[in-house]
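Quick notes on the structure that follows.
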There are 2 protein chains.
Amino acid sequence: MSADHPPAAPGTRFPAPPERAARPAAGPAPANGADAGPKSERTRQRILDAAARTFRDKGYAGTTLNDIAVAALLRAGSIYYHFDSKERLLEEVLDIGIARVSAAVQRAIEALPPDISPTERIRTGIEAHLRSLLYHGEYTSASFRIFGQAPRDVQSRILSRRRAYADYWRHMLREARAAGEIPAERDLGLARMFLFGALNWSVEWYDPEKGALDDFVREAAETCLHGILAPPGAGADGERYAEGAGVVRRER
Amino acid sequence: MSADHPPAAPGTRFPAPPERAARPAAGPAPANGADAGPKSERTRQRILDAAARTFRDKGYAGTTLNDIAVAALLRAGSIYYHFDSKERLLEEVLDIGIARVSAAVQRAIEALPPDISPTERIRTGIEAHLRSLLYHGEYTSASFRIFGQAPRDVQSRILSRRRAYADYWRHMLREARAAGEIPAERDLGLARMFLFGALNWSVEWYDPEKGALDDFVREAAETCLHGILAPPGAGADGERYAEGAGVVRRER
DNA sequence: GAAAAATTCTAACATCCGCTAGAATTCCCC
DNA sequence: GGGGAATTCTAGCGGATGTTAGAATTTTTC
C-alpha cells in the first residue's frame, strides 16, 4: 500500500534493511531433519509462510512480491533466488495446502477402529478437514480461498491433487450409501460439493475468539450430517421438539 | 493479458475502435421504463454488466479497467464518464448483487400462503437464493465471490445491506425453532453460516450443462434441510434404507 | 583466516495500471 | 440541419509491479 523502502540516501550503503530482526537464531546445528534443511533453506520456508498468509489475506493478484518480502524480512528481489516466479510461489502454496488437508483427513480416518461405520468415518473426515483449515491453516485456507483466482495453468497443474482428494470423499460417500446410511435418492456429487462449500466457506467467517474449536467442529459435523432441521442422531427422542424450544442459545 | 489496443498508426485517426459491434439496436424508443433510461444510460448498464462478469471471473485486483472496457465495447478512459473510480464500480456491483438476492428471496417467500410452515419458508428461501445466484447471476455471484477481496471501506459500506439479509435468515431460523422444527441444541448462527457456505460455494462449481436448474435447486434444499444422511422429509418410510441401495445414480 | 560458494541486496528496465485533460465525435432538440 | 450538450476517444502522467543483472555480503569449506 505504501512505499516501504525509500531509496537509500546517496552515500549510505544500506537504507536500514527492513528490521533484520533476530536472524532466525539458528540453533546449534540444523541437524538436517525434516524441514530444518541444509542451511538457509530456512529462508525458503519463511518466504513460503509469508506468501501463504498474504495470498490468503489479499488474494493472488492483490498480493505484491514486496508484501511477501516484507513479511518474510527480506527484499523483493531476493525471492527470486528461491522461486522462479510469483506464479510458482502460488503453485507451491496451493499444493502444500491441499496436501495438508488431504493428509490430515486421511490420517484421522485411518486412526479409527477398522470396523467403524461409514457415517462415523465421514464425521471424522469433516472434523479433520475443518481443523486443518482453521487451526494454523495458512496454507490450507489459502489453498481453498484463492484457488479460483489462480491462473489457468496453475489451476490445472494443481488439479490432480485436488481430484484425488475429491475421490477420497466420493469413495467414502459411496460406501456410506452402500451400507444403507445415505438414502438412494441423494445425489452424492451434489452432497459432496455442498459439504465442501459449507466447510470451506468457514474460512471466510470463522472467528477463533468465539469459542473452542473442538465444540465448533463437533457441532459442524452434526449440522452437515443431519441438516438444519433433523434431530441429532444419538437420542432421537421426540422431546427435543417440545414447544418452547425457541430460546436463543448462543447464536453469533 | 495481451496488448489489446496498439497505438494508432500516425495519421490514422481511429485505430479500429474495438468492434463497435451492432450499436445495441436501440429499438423504437426507450419508453423510459424501468432500466432503459434517458439515453446512453444504456452504456452505464453495459459497463456495469461487463464489470460484474469480469470481477466475478478474474477477481477485483485481477480485473483491469481495460478488461471491463473491452467487454463493454469502449475504451478504458470512457468508463470515468460514468463512474468515479474502479472502487465505486465494484461497490455498485456488490450492492446490486446482494440487493437482487435479497429481493428474490423475499419475494419468493412472501408469495407463499401465509399459514405455511417455517420449514417450507426456509426451503423456498434456499431455492430462491440458489436460483438468483446461478441463473443469469453475474451480479449476485460476483457479490458473494469477491466481497472478501474488496477494500475495507467498500466492504463496510456494503455491510449494512448484507447484514439485513443475514437478519432475514436469522429471523426465519428462529421462527422455525420456535415452531419446534429445529432442535433446541442446534446453533443457529453456525447453521446459517454453513447454509450460506453450501449455497454460495455453488458458484465455484455449478455447471448449468449438467442438468436442469429446477432439479438441482430442489435436491439442494433437501440436502441442506435434512443433511447428507437423513431421509427425505416427505415419505419417511424406512424402505429407502434397504440394502443394495448403493447403486450410483447420477453422480458428477 | 583466505578462497570459494551461497545468499541477499541494489538499482534499474519494461510494462502495465488507475486516472485525467482536453480534443474529437456523436447525439439530441429545436 | 445547425448548434449546443452529451458522450467517447486519445494521449499521457505518475506510480507500482514482476523481473533481472550484477555488485555486495554472508556463509561455508579447507
Side-chain angles (χ1 to χ4, degrees), chain A residues 1-18 20-21 23-24 26 29-30 32 37-47 51 54 58 60-70 72-90 151, chain B residues 1-18 20 23-24 26 29-30 32 37-47 51 58 60-70 72-90 151:
Chain A
M1 290 284 178
S2 60
D4 283 282
H5 304 311
T12 312
R13 217 76 192 86
F14 290 137
R20 190 160 287 279
R23 181 75 25 185
N32 206 351
K39 213 212 34 187
S40 207
E41 159 80 15
R42 208 90 52 103
T43 306
R44 212 186 119 92
Q45 271 310 316
R46 212 158 9 105
I47 295 173
T54 317
K58 302 190 173 194
Y60 175 61
T63 293
T64 296
L65 283 183
N66 191 56
D67 292 339
I68 298 174
V70 166
L73 302 176
L74 37 70
R75 328 290 283 225
S78 309
I79 293 176
Y80 282 85
Y81 181 78
H82 301 274
F83 298 91
D84 288 344
S85 66
K86 190 185 175 192
E87 257 192 35
R88 285 228 171 265
L89 195 41
L90 170 70
Chain B
M1 293 286 176
S2 60
D4 283 283
H5 304 310
T12 312
R13 218 76 195 86
F14 290 136
R20 190 161 284 281
R23 184 72 31 185
N32 205 350
K39 211 216 30 191
S40 209
E41 158 82 12
R42 209 89 53 101
T43 305
R44 213 186 117 93
Q45 271 312 316
R46 211 157 12 105
I47 295 172
K58 302 191 171 192
Y60 175 62
T63 293
T64 295
L65 283 183
N66 192 55
D67 292 339
I68 298 175
V70 166
L73 303 176
L74 37 70
R75 328 289 283 225
S78 310
I79 293 176
Y80 283 85
Y81 181 79
H82 302 274
F83 297 92
D84 288 345
S85 67
K86 190 186 175 192
E87 258 194 34
R88 285 227 170 266
L89 197 41
L90 170 70

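First the proteins, then the strands, lettered A, B, ... as listed; each starts at 1.
- Listed candidates were C:dC17, C:dT8, D:dT7. Nearest to the side chain of B:Tyr81 is D:dT7.
- Atom C1' of nucleotide C:dC17 and atom CD1 of B:Ile79 are separated by 12 Å, given to the nearest angstrom.
- In this structure, B:Arg88 atom CZ and C:dT20 atom C1' are separated by 18 Å, rounded to whole Å.
- A distance-only check finds no donor-acceptor pair linking the side chain of A:Thr54 to the backbone of A:Asp67 [under 3.5 Å].
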Atom pairs, protein N/O to nucleotides 19-21 of chain D N/O, distance under 3.5 Å:
{"from": "D:dT19", "atom 1": "OP2", "to": "A:Tyr80", "atom 2": "OH", "distance (Å)": "2.3"}
{"from": "D:dT19", "atom 1": "OP2", "to": "A:Lys86", "atom 2": "N", "distance (Å)": "2.9"}
{"from": "D:dT19", "atom 1": "O5'", "to": "A:Tyr80", "atom 2": "OH", "distance (Å)": "2.7"}

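- Protein atom OH of B:Tyr60 is 14 Å distant from nucleotide atom P of C:dC17, rounded to whole Å.
- Judged by distance alone, the side chain of B:Arg46 and the main-chain N or O of B:Ala72 form a donor-acceptor pair under 3.5 Å.
- Across the protein-nucleic acid pair, B:Arg46 atom CZ and D:dT7 atom P stand 12 Å apart, rounded to whole Å.
- Atom P of nucleotide C:dT10 and atom CG of A:Asn66 are separated by 12 Å, given to the nearest angstrom.
- The NZ-P distance, from B:Lys58 to C:dC17, rounds to 9 Å in whole Å.
- The main-chain N or O of A:Thr64 is never found under 3.5 Å from a side-chain atom of A:Lys58 such that the two would form a donor-acceptor pair.
- Contact between the side-chain N/O atoms of B:His82 and the OP1/OP2 oxygens of D:dT8 is found at a separation under 4.0 Å.
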